[in-house]
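Accompanying notes for the structure given below.
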Amino acid sequence: MATAVPAQTIDADERLLCWILCKTDYALQRNTDPNVWAIEITSMLHSSAVTLPSVELARRLVSHFFWNNHCPTAWKILDAAASRNIIPPLLLLALLSTRIVHCRILQPIAYRLYLELVKLHAFTLEAHFNSPNNEKIMESIDDVLKLSQVYNQKVSEPGVVLVEFVFSILWQLLEASLDDERLLDHIPEIKPRWLSKSHDMDTDEPESNNKLSTEQKEMLQRGNTTLAIEIIVEFLQNKMTSRLLSLVLRNMPLHWGSFNYQMQLLASNSSILRNSKHNADTLLSLMENIRSNTKFKLESNVGIPSGSQISFAGQSYGSSWSSFWLSIDLILEDALDGGQVAAFSAIEIITGLVKILHAVNGSMWHNTFLGLWNAALRLVQRERDSKPSPIPRLDTCMCLLLSITTHVVANIIEEEESELIEEAERGPTNQGKIKQIRGKRRGELITSLQLLGNSQCLLTPPQTVLMEANQAAAKATKFVSQNPMGSGHLESLTMDDLLTNCSGNLLHLIVEACIARNILDTSAYFWPGYVNARRNQIPSSISNHVDGWSSLMNGSKLTPGLVDALTATPASSLAEIEKIYEIAISGSDEEKISAATILCGASLVRGWNIQEHTIIFITMLLSPVDLPNHTGTESHLISQAPLLNVLLVGISSIDCVHIFSLHGLVPLLAAGLMLICEVFGSCVPDVSQTIAISEELSPHEVFSNAFTLLLRFWRFDILPIEQVRNNAADPPLGSLFSPEYLLLVRNCRVTSFGRSTKDILKLKRLSKIINYPKKSVFMNSFPKLYFWYKQHQECIASIRSGLLPGGPVYQIVDALLSMMFWKLDDGSEPLIPVTLGNNGSSGSGSALDDALMKLSVPAWDILEAVPYVLDASLNACAHGRISTRELSTGIKDLADFIPASLVAIASYFSAEVTRGIWEPAFMNGVDWPNPAANLSIVEQQIKKTLADTGVNVPSLDVDGDSPAKLPLPLAALVSLSITYKFDKGRGRFLVLIAPVLTAVASGCPWPCMPVLTSLWIQKVRRWSDYFVLRASGTVFHHNRDAVVQLLKSCFTSTLGFGTTSMSNDGGVGALLGHGLPFQVASGVSPVAPGILYLKVYRSIGDITFLNKEIMSILMLSVRDLVRSELSKGTIKKTKNGMKCGQFSFFRYMACAKHAALLGASLIWISGGQKLVQSLIIDTVTSWFLSANKWKHNGEQPGALVAKLSGHALAYFVMLSAAFAWGIDHYSVPPNQRALVIGMHLEFLATILEKKASLCCHRATWQAYVSGFLKLMLGCTPRWVQEVDVELLKRLSKGLRGLNEDELALSLLEVGGIGVMGAAAEMIIVRRL
């Protein structure tokens, strides 16, 4: 509440002001020297204890002079009062602007004098900002100009008002200049903000104007406009005011947009500007300078000059250059692991990663795109000659190159164009008019692809895609030949001739993929050297693949021959695949099945240009829009069973599910599968059709196909012991752990998609005949599935109990056991406490028939009984009531009867293994399979695989005389797994239980995993290398030291410190392999350390220790870097420490950055957001406060090592956070990012304020603080805007204590409207 002012004080102030006005009138009448007047007034004010400059006096004088007492002397008095600090000059300008600018035509002389005052006082802000009553002055300026209302700002700090004042004075002059030249008439929809006329500002034309001729008036007005434009240029040019204006651009973009539009109008149309000393180019250049001032310059990436040979923009494309994009290679390699079904789109993950590296590397977009293409091509080359494995990878590699990577580029291009559209629509004349703007990144894409043509070694296509590459080259050649600008000698060639004569490579496929997604056009066909028609060794029997699809588009019916052709050949356009989808929707029953078969064929796996459309069509067919409101067989889905089953089987292979996962369609598809499971799992099958082999589908079959596919989408087998890892890690490409989370991810995407301009541009690429779902779906929509899921969780957590004799579940258990063990001899002991149904007929076929009759129940009821069946069976085997062979056969019969039971089988056995209550099963070849033939060889191969990558673990060998053994449940599960053939029909069920089997065996004591591996090698010997590599992960599950050794090997190979031939010069090739056979002294090269880490990191138990270990290895790598250079003589030792030249330091910084990039990538890929959060909040803080404990051999680092360590750590922490939470508003979740970054910055502020003691080298701390904050400002400015304003002010103050004034100011400039006032004060007070 304001303090009441005594009446006598008010009277005294009023009498004083009246006295001053009287003195002023006297001075006007006598034409007194203004300086004499000023001295007398100053003396009186001082004697009256009035604080100067006086706000009230300024208001009274301006009100008194305009317009009743207006004369030339009045202006001199005002000038003297402002110059002698009697009245605030800035407030004077504000008061005059409201009275003069709008009537400048009638009062040209007054306007001229006003402009002169603006020139005199508007650019000396530092002299006026330190007034004792500055806050009151700014409040008055705000009140006079109504700034809070005009700019709709709630913040009225002095600094904010000052910025708005400068901007407003400038904007007034701009609008006045436009109006003077009648340019505002060109845009009548724009209403001037500052030229409106107030009621109390009316004035008549002065008599002095009547003495001027029309020509003189026009000359005077034109001179005023010229001077106003010169002042506008001065505002834009002056270092202080231009920096204040950059704050407006940052924090008031809408107002700046209107201002900028008017400035463009002035530059384009002003005749006065064209004839002045400042032309339009000067004006536009100054505006662009202000825009560039809003982009924090990273000072050549904290120590590396952009002009150096190792610039992060990178003009050399060798191994060193590729290291700047190392994270892309790692995430692509990780995405290639088909054993994981990720719920999050690889496109979104890689898009965010590419934007981060673009920002941190400070590269042009064409270099960024080139780095992305090269990384994807290296992936293909690594895989082209890979050894056989059960998981097909080459088609997935091509998907990553031609579909996923192309989508990433399209996203980045569309993101720029959507931002340009949104910015343009903010203009005053463009609302709703802007439909499309082409951004600069399209041109950058073209440059990258043209440069990519120089990498011929990476562009050689694998043999299996050679035909597609040749077809792409032939298509371009044909297009060029038919174009008037094309080559005339090609016109007579047919497509078959072209296929024989055109040699294509992967660049041709990449270009076609870009054209298909409308980010490139066919002008690419005319690039120099792109069309290369020459005869080669391609067989002339290649047929024209277009014939089948052309026939379809021309109206041909789907005959069996045409269906086979279309299934084997991918569609080439959206229209073709849309035609198939329409048939699947509205065709006959037979045509629907044919269409479903085609959709799941080559168009899905190898139709890279239309793959996303095919996936969406299949997802829509499997995802009914309406939620279930049905019971039993009344659902309309029952009649669609044949179509649904073809789709379910068609997409259930490993590579198909992997492709769905990479495109991020798993959550959307999961909702449809849940509905199918709910419906078909509730149906009662026809027993006669089940017993008799009928062509009609059983509901159990459709249910099992949907259920086993659905359960691959989350970790249904997760055990309590694994929760330790899950609570500490969530890898970006990891699996989810519950159906609720799947639906949550799905609902978030469905409800948010289509709202932004970016989504609208993306929709233009997608099919228009699809109605995308918009409603959320929850687990309570699927009560049967939800009940089973809860029961399943209980089964994993504890032993099943409470089965009541005679109940419905008991009867199903009885029937299942009878079906499984119907061949048992008469008189056998029952498997459950009471007699089995019709036990007297055991051994006869009628027992099986009776059991099957009783099993004519819904699939959900059977699944409820399965855990009891398994428990009874395993107990019977353990107590000798049934043999091991009978147990294995019975479980296999159960899985064959209803494959959906595999889920319960895998989960039950894995849970029983962890309980540890079962006697071991001896794998002796009698009771259980015997692995002895391969066991010792497998163990040696595992040991050699580890040793080749620098990991030496003692005591891997076991006693060869002791028989191998496994826990009984694990032996049963292994025996079941090796009964399956890995073909397309049954292999999909093995894929369901294989991850469970591997996880359980890895957690068991050595040598359980080698035993499992040996048994599988005996079954499929050609995959032995794959099985051995997978088995190596067990070592890392049990031995932390092995993990540390592998991590060190990754760092030494990447940085080129290693002594093995694989290391060479380091880089991506040394970390992940070169993709081609690489000869070493002992034969073929071993597994690259990075590849091994990506294969085994999911086997690591408690993953939190990675933070400390990787950070420690990073610090050691910096030390080793300096030591290695010291030994080469590039660093000189002096009595004050170590010295190196500037270029050498830049090179060391580049190496330190590579190490930090590798460390951050491994942290993020291994543990995602959770592990990164632990790193930033716990590990980094602990290191700074107790770094002495982390020293190796008690060694104190020198100043050079300390400085490099600080910079490396800054990159490491910043990159880790950026990978986890992204750098812009498209990232999720921003709230969590703000929390973690805020906590870390709070720690930095605490240290800067000396409230806590450091235990690290001072140079390390200073390099880290400045480096981290510079990276934030240059690469992730949105992070700064999410930080609490008071924390930003504390950080800024602390940085000034380190003599980092420019950095302190930049932090405030980027920090948003909340710290704009503080930024303005710092600009003025410190003259920055």
Which is it for Leu1157 and Ser327 under the side chain to side chain contact (heavy atoms under 4.5 Å, CB included) test, yes or no, and what are the steps along the way? CA-CA 7 Å; Leu1157 181 61; Ser327 302; 3.1 Å; yes
Under 30°, 30 to 60°, or over 60°: which ring-plane class applies to Phe1243 and Trp1261, parallel, tilted or perpendicular? perpendicular
Would Ile1165 and Phe1219 satisfy side chain to side chain contact (heavy atoms under 4.5 Å, CB included), going step by step from the backbone distance to the final call? CA-CA 9 Å; Ile1165 290 175; Phe1219 292 159; over 6 Å; no
Of Glu444, Lys440, Arg441, the residue whose pairing with His366 passes side-chain hydrogen bond (donor to acceptor under 3.5 Å, both in side chains): Glu444
Check the pair Leu170 / Phe165 against side chain to side chain contact (heavy atoms under 4.5 Å, CB included), numbers first and verdict last. CA-CA 9 Å; Leu170 172 60; Phe165 165 77; over 6 Å; no
Check the side chains of Gln1232 and Gln1173 for a donor-acceptor pair under 3.5 angstrom, ignoring hydrogens and angles. yes
Inspect the contact between Glu1249 and Lys1293 and indicate whether a charged nitrogen and a carboxylate oxygen are less than 4.0 angstrom apart. no
Between Ser1112 (side chain) and Lys1108 (backbone), is there a donor-acceptor pair under 3.5 Å? no
Within a reach of under 6.0 Å around NZ of Lys1289, are more than 12 heavy atoms found that belong to other residues, nucleotides or ligands? yes
Is the ring pair Tyr151/Phe167 parallel, tilted or perpendicular, if the boundaries are 30 and 60 degrees? tilted
Using a 3.5 Å distance criterion without hydrogens, assess whether the side chain of Ser1166 forms a donor-acceptor pair with backbone atoms of Ile1163. no
Any luck finding a side-chain donor-acceptor pair between Arg250 and Ser246 under 3.5 Å? no
Would Tyr1264 and Ser1205 count as having a side-chain donor-acceptor pair, cut-off 3.5 Å? no
Is it the case that atom CD in Glu1242 sees more than 12 heavy atoms from other parts of the structure closer than 6.0 Å? yes
Trace of the side chain to side chain contact (heavy atoms under 4.5 Å, CB included) decision for Met263 with Leu236: CA-CA 11 Å; Met263 191 67 76; Leu236 301 178; 4.1 Å; yes
Measure the acute angle between the ring planes of Trp365 and His358, then classify it against the limits of 30° and 60° as parallel, tilted or perpendicular. parallel
